[in-house]
Each structure stands twice: as structure tokens, then as C-alpha cells.
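In what follows, a single structure is set out as C-alpha cells and then discussed.
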Amino acid sequence: MHNKQIWRLIPLLEASGNIQMAIDHWLLEKHLSGQHPPSLRFYTWSPVAISLGYHQHKYPQHWQNLTWQGQKVDLVRRPTGGRAVLHQGDLTYAVVTSGLSGNRIEAYQKICEFLIQGWRQLGIDLHYGSAGRGYIHNPNCFGTTTGADLMTKDGYKLIGSAQLRRGRAILQHGSMRLQPDVELFTEVFGSESFSCLQIPQNLSMEKIIAVLLTTASDCFDMQFSVQPLSEDEWQAILALSQPTE
């Protein structure tokens with residue numbers, strides 16, 4: 001038996017987009033500086049938010065005035081690239097690790113393997129999307145597919161991921177659309193076709209996370225140490241979080 005690498009697992013956390021992005025960014029910087037092991041976490045966004053890719057500076061004006069269920073929809077910038085993602089009814093994963101060989105797409109695919117295997121166990125087969133011509137002109141991450149996206153066989157994009165590399169370290173996070181609100185989606189992204197995947201009713205978020213943790217420990221050949229963020233860590237993270245622009 002070889003000793004498996006220990007990864008930190010931060011328990012499921014619900015928070016605003018600015019906080020969530022600050023945590024992911026902080027985990028990457030700490031890992032890069034050798035002060036933090038690889039980590040995996042799952043989280044949800046409250047209030048509902050649209051996250052913009054780091055380089056995405058053009059987006060519809062009306063996004064600044066959206067509300068959902070009486071609350072303003074947040075606009076948040078991710079540290080990663082890619083297109084806008086609406087975070088409502090979704091579950092986000094974040095992996096921070098290093099030492100993956102290969103180019104960006106190969107790294108994506110190594111990291112995504114635990115998602116493919118996990119969802120297969122949950123009864124949903126996923127495959128990689130292919131980049132169509134529409135990608136460049138579409139502000140909506142889920143309106144187009146690239147090789148970094150995971151689709152069902154009938155063309156529903158379940159998971160869209162984005163990545164940031166700093167030296168040998170990689171942050172990859174992605175949104176799994178579990179119960180999207182069709183009306184809000186249409187209000188944000190217009191009348192483009194919105195296909196909805198019926199996630200089986202018995203699939204709670206806890207069940208999904210439990211299965212993905214099992215496949216992650218296989219795919220990355222590691223074991224988890226569960227550690228919530230400490231008071232000191234929270235202070236460092238809050239110092240990083242930027243007010244919404």
C-alpha cells in the first residue's frame with residue numbers, strides 16, 4: 001500500500017459569489033506558495049448570481065438590474081476565464097491541485113474524470129462538448145459547449161467548467177445545473193432554447209456530493225481530511241473579497 005496523498009475537503013458552504021470566488025482564489029495562492037495541500041470543495045451561491053469570466057467585459061446592460069424572488073441578482077467576476085454562468089439551482093465544485101502534466105485540455109479532462117464517473121454512478125452519462133462556431137459571440141457559458149463542458153447524450157449541458165493556472169498550480173471550478181429556473185434563465189440569456197434535464201427526484205445535493213467524493217478519491221488517488229475554514233483563514237479570505245463592481 002502506498003501512502004495516498006491527503007487533500008483538504010472544505011464542507012459544503014453557502015455564501016455570496018464574492019466570498020466564494022475569494023475562497024477559490026485564496027486556496028490557489030496558498031497551494032501555489034506551498035502552504036496548503038490540494039483541496040476540493042462544493043458550494044452554492046446566495047444570493048443568486050451571474051459570474052463573469054475574468055476577461056469578459058461586455059455583457060447586457062440589464063444584468064445589472066435583475067432580481068429573482070425579490071432579491072437583486074449579484075454580478076461577480078471569477079478569477080477564471082470563460083463565459084457568464086447563472087448560479088441559481090446549481091452546485092459548484094472547485095478543485096485546487098498541482099503537478100498535472102499535459103496541456104490545458106488534458107488537465108481539464110484529468111480533473112473532470114471524477115465528475116464523469118460520479119454522474120455515471122448517479123445514472124447520467126456525460127461526454128465532452130465540442131466547440132462550435134457560436135462560442136465567441138455567445139455571452140452565455142451554457143448556451144455553447146467547448147471541450148471543457150460535460151453534456152448528456154441528448155445535448156443538455158450539465159456542467160460548465162473554467163480553469164486558472166498559476167505556475168504548476170491549477171484552480172478548476174464548475175457549475176452543475178441541478179434545478180435551474182427556466183424563467184430566470186430566459187430573462188438573463190434571452191429566448192435561446194433552454195432544454196432542461198430532469199435530475200431524478202431522489203438525488204439530493206448530499207447524495208450527489210457523497211458520490212462525487214468517492215469518485216474523486218479514486219480518480220485523484222487521494223484521501224480527504226475534512227477541515228472547515230478557520231477564523232484566521234476567514235479573515236485572510238474576507239480581505240481578498242472585492243465589492244461587486
Side-chain angles (χ1 to χ4, degrees), residues 1-15 20-44 78-80 90-128 147-150 158-176 178 203-234 236-237:
M1 275 295 283
H2 67 292
N3 286 340
K4 290 195 170 190
Q5 191 178 25
I6 304 287
W7 283 34
R8 179 178 185 177
L9 174 64
I10 297 168
L12 180 66
L13 195 64
E14 179 182 296
Q20 301 289 22
M21 294 306 91
I23 295 172
D24 285 355
H25 197 222
W26 179 84
L27 286 168
L28 177 65
E29 296 297 336
K30 294 302 263 188
H31 182 62
L32 183 60
S33 67
Q35 299 170 38
H36 197 280
S39 55
L40 171 64
R41 71 190 198 96
F42 294 95
Y43 55 91
T44 58
R78 297 192 304 273
T80 52
D90 69 334
L91 173 65
T92 304
Y93 78 89
V95 168
V96 173
T97 187
S98 54
L100 292 182
S101 55
N103 63 25
R104 179 179 285 263
I105 288 291
E106 288 165 327
Y108 262 124
Q109 298 190 342
K110 280 185 183 129
I111 292 174
C112 284
E113 190 56 33
F114 87 100
L115 299 167
I116 293 175
Q117 290 192 19
W119 280 99
R120 187 174 297 147
Q121 286 183 27
L122 294 164
I124 295 175
D125 273 322
L126 296 174
H127 62 86
Y128 292 102
D149 302 320
L150 293 173
L158 179 67
I159 308 175
S161 298
Q163 197 185 84
L164 173 64
R165 283 181 174 228
R166 286 252 198 280
R168 294 174 66 251
I170 289 179
L171 159 66
Q172 182 171 312
H173 50 199
S175 166
M176 299 179 253
L178 305 182
L203 275 192
S204 65
M205 213 173 258
E206 289 67 32
K207 169 84 192 273
I208 293 167
I209 291 172
V211 169
L212 291 176
L213 289 178
T214 306
T215 54
S217 54
D218 288 346
C219 290
F220 297 118
D221 194 27
M222 52 75 171
Q223 56 194 51
F224 291 114
S225 166
V226 181
Q227 295 169 7
L229 293 166
S230 71
E231 198 55 49
D232 288 352
E233 288 174 336
W234 268 118
I237 289 160

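Since the structure is predicted, the reported quantities are computational estimates derived from the model, not experimental observations.
Residues Y108 and A162 come closest through the heavy atom pair OH-CA, 3.5 Å. A107 and R165 make their closest contact through CB-NH2, 3.3 Å (heavy atoms, listed as atom of the first residue, atom of the second, distance). Nearest heavy-atom pair, R8 versus P228, reported as atom, atom and distance to 0.1 Å: NH2-O, 2.9 Å. Listed here is the closest heavy atom pair of P37 and I6: CB-O, 3.8 Å.
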Might you work through the side-chain contact (heavy atoms from CB on, under 4.5 Å) test for F42 and T92, ending with a clear yes or no?
CA-CA 6 Å; F42 294 95; T92 304; over 6 Å; no
With side-chain hydrogen bond (donor to acceptor under 3.5 Å, both in side chains) as the criterion, how do S39 and H31 come out once you've worked through the C-alpha distance, each side chain's angles and the decisive distance to 0.1 Å?
CA-CA 9 Å; S39 55; H31 182 62; over 6 Å; no
Evaluate the criterion side-chain contact (heavy atoms from CB on, under 4.5 Å) for residue pair L164 and D24; output intermediate values, then yes/no.
CA-CA 10 Å; L164 173 64; D24 285 355; over 6 Å; no
Between I23 and R41, does a side-chain contact (heavy atoms from CB on, under 4.5 Å) hold up when you go through it step by step?
CA-CA 10 Å; I23 295 172; R41 71 190 198 96; 3.5 Å; yes
Check the pair L212 / W119 against side-chain contact (heavy atoms from CB on, under 4.5 Å), numbers first and verdict last.
CA-CA 8 Å; L212 291 176; W119 280 99; 4.2 Å; yes
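Here the CG-NZ distance, from L100 to K110, works out to 6.0 Å after rounding to the nearest 0.5 Å. To the nearest 0.5 angstrom, W26 atom CH2 is 13.5 Å from L171 atom CG. With rounding to the nearest 0.5 angstrom, the CD1 atom of I159 is 8.0 Å from the CD1 atom of I116. Taking CD from E233 and CD1 from I10, the interatomic distance works out to 7.0 Å, rounded to the nearest 0.5 Å. Atom CG of D149 and atom SG of C112 lie 8.5 Å apart (nearest 0.5 Å). If you take CD1 on I124 and CG on L203, they are separated by 6.5 Å, rounding to the nearest 0.5 Å.
Under the 3.5 Å distance criterion, the side-chain polar atoms of K207 are left unmatched by any main-chain donor or acceptor of L122. Put simply, the side chain of Q20 gets close to the backbone of T44: a donor and an acceptor are under 3.5 Å apart. Proximity of a side-chain donor or acceptor of R168 to a complementary backbone N or O of T97 within less than 3.5 Å is not detected. Panel note: side chain R166, backbone E29; no donor-acceptor pair is recorded below 3.5 Å.
Contact of the E113 side chain with the D218 side chain is not registered, since no non-hydrogen atoms from C-beta on lie closer than 4.5 Å. With contacts defined as side-chain heavy-atom distances shorter than 4.5 Å, the pair P79/L28 does not qualify. Side-chain contact between S98 and L32 is absent, with no heavy-atom pair separated by less than 4.5 Å. At least one side-chain heavy atom of K4 sits under 4.5 Å from a side-chain heavy atom of D221. Residues L40 and L213 are in side-chain contact: their nearest non-hydrogen atoms beyond the backbone lie under 4.5 Å apart. Between D125 and R120, the closest side-chain pair of non-hydrogen atoms falls below 4.5 Å. At a threshold of 4.5 Å between non-hydrogen side-chain atoms, the residues P38 and M222 do not count as touching.
Every residue two or more places apart in sequence or in another chain that forms a side-chain contact (heavy atoms from CB on, under 4.5 Å) with N103 is listed here: I105, E106. Contacts of F114 classified as ring pair (Phe, Tyr, Trp, His ring centres under 6.0 Å), with partners at least two apart in sequence or in another chain: Y93, F220. In this structure, H25 has no ring pair (Phe, Tyr, Trp, His ring centres under 6.0 Å) partners at least two apart in sequence or on a different chain.
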